[in-house]
Amino acid sequence: MPYVDRQNRICGFLDIEENESSGKFLRRYFILDTQQGSLVWFMDNPQNLPVGADCVGSLKLTYISKVSDATKLRPKAEFCFVINAGMRKFFLQANDQQDLVDWVNALNKATKITVPKLSDGQQNTENQKALPDVVGPKKQVSYKTEIIGGVPIVTQTQHEGCDGADRAEREAMHRSHSQLPYFLGRPTQEHTVIKSGYCVKQGAVMRNWKRRYFLLEENSMSYFKSDLEKEPLRMIPLKEVHKVQECKQSDIMMRDNLFEVVTTSRTFYIQADSPEEMHSWIKAVSGAIVAQRGPGRSAATVCPEATIRCCSCNYESGNKWMKLNPALCSRHQ
């Protein structure tokens, strides 16, 4: 049975198949440390090992996508369960059925992450770090505050040139307001920012979950390593998005507030920090798609009867089926 030690870590002995597909299980002492975000295992209880003894294996919790009973996968291994971590499956044996259930539940609970939030104190510290140039004593710049759509928007009323210092000020002002649920435009960008904020996204290859800063503009949705980065890790053109909706596999994927952005080439799984924020993102992205494609064109409408240009609506085909505008083509409604 796993137990909680004095450092609030879940610990206990398990047998693990260290060499994949070998069928050979070795006795190891496991420590599930949610504070460090890792699962580590040792030859024995570290208290019985020499001081400073290294672990023999470790796994970051963000790499774990699912933990489940593996009785059917390994019928000869009693009380077996599996940890799915990217391209690797780790098979482990518990001491009994209750031990198996407790470990599976503990691991799934530990990996069911939510978006980290900044406390008020941390937020103030972040803002103070971002604004040293704006409040400098050598240069007086005035700003005005307007309430637009219930959101306070700060804009500069005096422009003393477009040198590097001015650009730094404008970028700093944006960073200080980057946590607003809606931000109506960056002074340094031509396109309107419809929505921005942090979410957790699943990777394409390793299937691990990482915190990313998302930016929704009128023609695209991009994500960055942080709100301080200028170049996105990826930009998703809205014209390639077929639909955005709440994920129906959220329970299977062990993620709350999960929605999906479905494109021609890939489905992006994104986790918001609350149900309200999830629905807000879905509404914002859907609205941007409608605004871009015009009335009657929401996400792609698929017509299985045609693979070439339609005679009535004359709308270009996609990869396999034609995407039609039902407002113009009554034949394919």
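Remember, predicted model here, so these are calculated numbers, not experimental data. We use all heavy atoms of the structure for the numbers below, so side chains are in, but hydrogens, waters and symmetry mates are not.
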- Salt bridge present between Glu20 and Lys89 (N-O < 4.0 angstrom):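 No, no charged N to carboxylate O under 4.0 Å.
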State yes or no: do [X] and [Y] share one hydrophobic cluster built from I, L, V, M, F, W and Y residues joined by side-chain heavy-atom distances below 4.5 Å, directly or via other members?
X      : Y      : result
Met43  : Leu39  : yes
Val104 : Phe91  : no
Met278 : Tyr223 : yes
Leu107 : Leu73  : no
Leu258 : Leu61  : no

Distance (rounded to the nearest 0.5 Å) between [X] [atom1] and [Y] [atom2]:
X      : Y      : atom1 : atom2 : answer
Leu59  : Ser38  : CG    : OG    : 9.0 Å
Cys247 : Gln202 : SG    : CD    : 9.0 Å
Ile83  : Ser68  : CD1   : OG    : 10.0 Å
Met235 : Ser220 : CE    : OG    : 5.0 Å
Leu100 : Glu78  : CG    : CD    : 10.5 Å
Phe79  : Leu92  : CZ    : CG    : 15.0 Å

Can you tell me if [X] uses its side chain to pair, donor with acceptor, with the backbone of [Y] under 3.5 Å?
X      : Y      : value
Ser286 : Lys283 : no
Asp96  : Asp99  : yes
Thr34  : Gly37  : no
Asn48  : Asp44  : no
Asp5   : Arg9   : yes

Determine whether [X] and [Y] make a side-chain contact, defined as any pair of heavy atoms from C-beta on separated by less than 4.5 Å.
X      : Y      : answer
Glu231 : Lys225 : no
Asn257 : Glu277 : no
Gln271 : Tyr269 : no
Val244 : Val262 : no
Leu238 : Leu216 : yes
Glu246 : His279 : yes

Which heavy atom of [X] sits nearest a heavy atom of [Y], and at what distance?
X      : Y      : result
Ser196 : Val193 : CB-CG1, 4.3 Å
Asp69  : Cys80  : OD1-O, 3.5 Å
Ala272 : Cys199 : CA-SG, 4.2 Å
Met87  : Val205 : SD-O, 4.0 Å
Ala94  : Leu14  : CA-CD2, 3.7 Å

- Kindly determine whether Lys24 and Glu18 satisfy salt bridge (Lys or Arg N to Asp or Glu O under 4.0 Å), including the steps that lead there. CA-CA 8 Å; Lys24 185 178 180 181; Glu18 289 188 323; over 6 Å; no
Not counting sequence neighbours, which residues clear salt bridge (charged side-chain N to carboxylate O under 4.0 Å, His left out) with [X]? List them please.
X      : result
Arg212 : none
Glu276 : none
Glu17  : Arg74

- Can you check side-chain contact (heavy atoms from CB on, under 4.5 Å) on Ile10 and Ile31, steps first, answer last? CA-CA 6 Å; Ile10 296 176; Ile31 298 178; over 6 Å; no
- Task: List the steps and the verdict of side-chain contact (heavy atoms from CB on, under 4.5 Å) for Val82 and Val67.
- Result: CA-CA 6 Å; Val82 59; Val67 184; over 6 Å; no
- Query: Can you name the residues that form a ring pair (Phe, Tyr, Trp, His ring centres under 6.0 Å) with Tyr29, not counting sequence neighbours?
  - Reply: Phe13
- Query: Pick one: which of Phe224, Tyr213, Phe214 meets ring-ring contact (aromatic ring centres under 6.0 Å, His included) with Tyr198?
  - Reply: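 Per the ring-ring contact (aromatic ring centres under 6.0 Å, His included) rule, the option paired with Tyr198 is Tyr213, out of Phe224, Tyr213, Phe214.
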- Within residues 35-60 or reaching into it, pairs that qualify as ring-ring contact (aromatic ring centres under 6.0 Å, His included) - sequence neighbours excluded: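 Applying ring-ring contact (aromatic ring centres under 6.0 Å, His included) to every pair that reaches into residues 35-60, excluding sequence neighbours, yields Phe30-Trp41.
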- Message: Run His242 and Thr264 through side-chain hydrogen bond (donor to acceptor under 3.5 Å, both in side chains) and show every step you take.
- Response: CA-CA 7 Å; His242 293 288; Thr264 304; 3.1 Å; yes
- Query: Counting only heavy atoms not in Asn8, do more than 12 sit closer than 6.0 Å to its CG atom?
  - Reply: no
- Please list, chain by chain and in numerical order, all residues satisfying side chain to side chain contact (heavy atoms under 4.5 Å, CB included) with Gln35, sequence neighbours excluded.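 Applying side chain to side chain contact (heavy atoms under 4.5 Å, CB included) to Gln35 gives Asp33.
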- Given the rule in the side-chain contact (heavy atoms from CB on, under 4.5 Å) test, do Gln292 and Glu218 qualify, once you have shown the distances and angles that lead to the verdict? CA-CA 7 Å; Gln292 183 197 57; Glu218 52 190 11; over 6 Å; no
- With side-chain hydrogen bond (donor to acceptor under 3.5 Å, both in side chains) as the test, would you mind laying out the steps for Gln245 and Glu260 before giving the verdict? CA-CA 6 Å; Gln245 63 185 10; Glu260 57 187 15; 2.7 Å; yes
- Task: Flag this pair as yes if the NZ/CZ of Arg27 is under 6.0 angstrom from the six-membered ring centre of Phe25 and inside a 45 degree cone about the axis; otherwise no.
- Result: no
- Item | Ring-face cation contact, Trp281 with Lys195, 6.0 Å cut, 45° max | yes
- Query: Hey, are Lys66 and Asn84 close enough side-chain-wise for a donor-acceptor pair under 3.5 Å?
  - Reply: no
- Task: Kindly determine whether Ile270 and Val261 satisfy side-chain contact (heavy atoms from CB on, under 4.5 Å), including the steps that lead there.
- Result: CA-CA 8 Å; Ile270 305 169; Val261 177; 4.0 Å; yes
